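Computed from a predicted structure; not experimentally measured. By convention in this document, chain letters (A, B, ...) are assigned in the order of the sequence lines, proteins followed by strands, and residues within each chain are numbered from 1.
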Amino acid sequence: MSTKLPKQVKLKSEKQITLLFKEGKSFTAYPLRFHYIINAKLDSKVLFSAPKRLFKKAVDRNRAKRILREGYRKHERFKEYSIHLAISYLATSDLEQTDKITAALNKGLSELDSHFKVR
RNA sequence: AAAGCAGGCCACCUUGUCGCUUUGUGUUUUUUGACAAAGAGGAAAGUCUGGACACCAUAGUGCAGCGUAGCGGGUAACACCCGUCCAUCGCGAGAUGCGGACAAGUGCAACAGAAAGCAAGUACAGUUCGGCUGUAGUGAAAUCAGGUAAACUCUACGCGGUGAAACGCCAUGUAAACCAAUGCUUGAGAGCGGCACGUUCGAUAUUGGAGGGUAGGCGGUUCGAGAAUUCAAGUAAUUGAAUUCCUAGAUAAAUGACAGGGCUAGACAGAAUCCGGCUUAUGGCCUGCUUUUUUU
């Protein structure tokens, strides 16, 4: 596995997304919120979101999602997991502090790791 | 030099590594993987306007409604642009536009005045003896072709609706629903945007076909009122000709990260069918001009 993140890995289907947010489990690692479904039949797929409610400008939404995607891209192991994952950015500002965000991302991902291993 | 006016240009640059989207090359059963090229804006924004395009009838007629408004020109079109007159503002460079019509009708008008329309009328003079005419007096204006249309109104010109989630196709495909043809009687009702006209369709039967919803894919979709350069016409907006170029095309939505250098900081801000404009947000550079002051 490499550090690539091609199109196929993104979660796109509207049905699967609504299922993920409705049925999936979730936890928070401020300023991020993780939703996930673990199922052996699933391919690993991920989506990143930044709500329009909190980020009025499209530039900021793009930036938040790019930071998350770049942080996730470095973690190769998740691409082999059978998981559908959504990572949402739920703070209003502080997009400049990329360190904090990536730290939160790492924390959340390691927590997710533990969840996965329990299964 | 300071303050100001107008116009134009740029939108941090660069090297390396990793990563994203599209296209091409070539490999492979296919996928993956490889290499190469290209990859956000001047406002991509607000959705305020004018079109193209698609469907509803080839988008019709009258009324209503809405928009525009000196004059001339430009344009696919416009509420936009150019020229020019006028008005207002500014010492000025310049800026702004609420600039059609009050010889159709209705309405409105501070103060003054008898009176600013339906009711009156002071003084003097003239007189064809009629409140007929003139002068004085108030006022911007006095019985009249005064003012006012960011008052109703009138005139001229323009305007049908919906909006890329339009629309066309593929695949999946259960039922009374959908479509076509034939037949039949009443023409209920529907397209139809506010009304009327007009026009198209139109209930139940038979036969044939495969439609709608949901999820998915392809097209529409980026070659265009296109860009650059030169020449010509025009005061200009703009137009014509020649040559060259192809310049984002995503779809839970592609441009990012890390490290180094220049100068350490680098604004507003992210395409979503496509063009013309307007408006708003915003960093910097340049050019011309105006006023004031100083020096020669």
Side-chain angles (χ1 to χ4, degrees):
Chain A
M1 270 330 244
S2 64
T3 55
K4 292 184 177 179
L5 192 71
K7 207 175 179 180
Q8 288 78 10
V9 177
K10 290 181 193 163
L11 185 58
K12 289 182 177 180
S13 165
E14 194 178 337
K15 271 187 175 177
Q16 290 177 337
I17 291 167
T18 49
L19 190 74
L20 173 59
F21 280 100
K22 205 177 174 183
E23 308 287 336
K25 298 179 178 177
S26 67
F27 63 90
T28 305
Y30 186 84
L32 306 177
R33 186 164 181 83
F34 292 73
H35 290 80
Y36 66 96
I37 288 181
I38 297 174
N39 187 325
K41 292 177 184 171
L42 298 175
D43 293 328
S44 176
K45 282 184 187 292
V46 66
L47 76 84
F48 307 94
S49 86
K52 199 172 186 176
R53 181 165 49 85
L54 299 176
F55 300 94
K56 289 189 102 178
K57 292 173 187 169
V59 172
D60 294 336
R61 290 196 297 277
N62 279 348
R63 177 153 179 77
K65 287 193 271 186
R66 279 168 184 164
I67 290 168
L68 293 179
R69 187 167 58 223
E70 186 64 21
Y72 180 82
R73 190 170 68 80
K74 303 274 170 61
H75 294 270
E76 315 162 14
R77 62 181 185 283
F78 284 94
K79 287 157 205 166
E80 292 176 342
Y81 291 3
S82 297
I83 186 169
H84 277 186
L85 177 65
I87 304 174
S88 309
Y89 192 105
L90 291 176
T92 47
S93 55
D94 293 336
L95 281 175
E96 296 301 313
Q97 299 171 316
T98 49
D99 294 348
K100 278 190 179 177
I101 299 168
T102 45
L105 183 69
N106 290 334
K107 190 184 162 196
L109 287 176
S110 52
E111 188 176 341
L112 199 63
D113 229 7
S114 64
H115 281 292
F116 194 78
K117 277 164 185 166
V118 166
R119 291 235 162 176

Sort me out a list of protein N/O and nucleotides 269-272 of chain B N/O pairs below 3.5 Å, or just none if empty.
from   : atom 1 : to    : atom 2 : distance (Å)
B:A269 : OP1    : A:K57 : NZ     : 3.1
B:A269 : OP2    : A:K57 : NZ     : 2.8
B:G270 : OP2    : A:A58 : N      : 3.4
B:G270 : OP2    : A:V59 : N      : 3.3
B:G270 : N7     : A:N62 : ND2    : 3.2
B:G270 : O6     : A:R66 : NH1    : 3.1

In whole angstroms, the gap separating P of B:C20 from CD of A:E70 amounts to 10 Å
Taking syn as any angle within 90 degrees of 0 and anti as the rest, which one fits B:G160? anti
Quick one: classify the glycosidic conformation of B:U29 as syn or anti, with syn meaning within 90° of 0. anti
Take atom P in B:C85 and the same atom in B:U133, then report the distance between them in whole Å. 48 Å
Measuring only the P atom in each nucleotide, how far is B:G16 from B:C48? A whole number of Å is fine. 48 Å
Looking at A:L54, A:L68, A:D60, which hits side-chain contact (heavy atoms from CB on, under 4.5 Å) with A:Y89? A:L68
For nucleotides B:A40 and B:G249, find the distance between their C1' atoms and express it as a whole number of Å. 11 Å
According to the Watson-Crick and G-U wobble definitions, with both distances under 3.5 Å, which nucleotide is paired to B:A241? B:U230
What is the separation between atom CZ on A:F48 and atom C1' on B:C20, rounded to the nearest whole Å? 12 Å
Got a donor-acceptor contact below 3.5 angstrom from the A:R61 side chain to the A:K56 backbone? yes
Separation between the P atoms of B:A6 and B:G97, rounded to whole Å: 13 Å
Rounded distance in Å between the P positions of B:U31 and B:U22: 14 Å
For B:A259, the Watson-Crick or wobble partner whose two distances fall under 3.5 Å: B:U15
Quick check on B:G130: syn or anti? Syn means the glycosidic torsion is within 90 degrees of zero. syn
What form does the base of B:A190 take, syn (within 90° of 0) or anti? anti
If we call it a pair only when both distances are under 3.5 Å in a Watson-Crick or G-U wobble match, what pairs with B:A36? B:U23
Look up atom CG in A:L32 and atom CD1 in A:I67, then write down how far apart they are to the nearest 0.5 Å. 10.0 Å
Determine the Euclidean distance between corresponding P atoms of B:U290 and B:A93; express it in Å to zero decimal places. 9 Å
Atom pair distance, as rounded to whole Å: CD1 in A:I67 and P in B:U255: 13 Å
Pairing partner of B:G67 (Watson-Crick or G-U wobble, both distances under 3.5 Å): B:C157
What interatomic distance, in whole Å, is found between C1' of B:A267 and the corresponding atom of B:G42? 13 Å
Find the distance A:L68:CG to B:G256:C1' and express it as a whole number of Å. 13 Å
Would you measure the distance from the C1' atom in B:C169 across to the matching atom in B:U221 and give it in whole Å? 16 Å
Partner residues of A:R66 under the side chain to side chain donor-acceptor pair (under 3.5 Å) criterion, sequence neighbours left out: none
B:U47, syn or anti by chi within 90 degrees of zero: anti
B:U255 P sits how many Å from A:R61 CZ, rounded? 15 Å
Taking pairing as Watson-Crick or G-U wobble with both contacts under 3.5 Å, can you name the mate of B:C129, or confirm there isn't one? none
With a 3.5 Å limit on both atom pairs, tell me what B:C289 is paired to, counting Watson-Crick and G-U wobble, or say none. B:G4
Counterpart base for B:C201, defined by Watson-Crick or G-U wobble contacts under 3.5 Å: B:G189
B:A272: pairing nucleotide in any strand, Watson-Crick or G-U under 3.5 angstrom: none
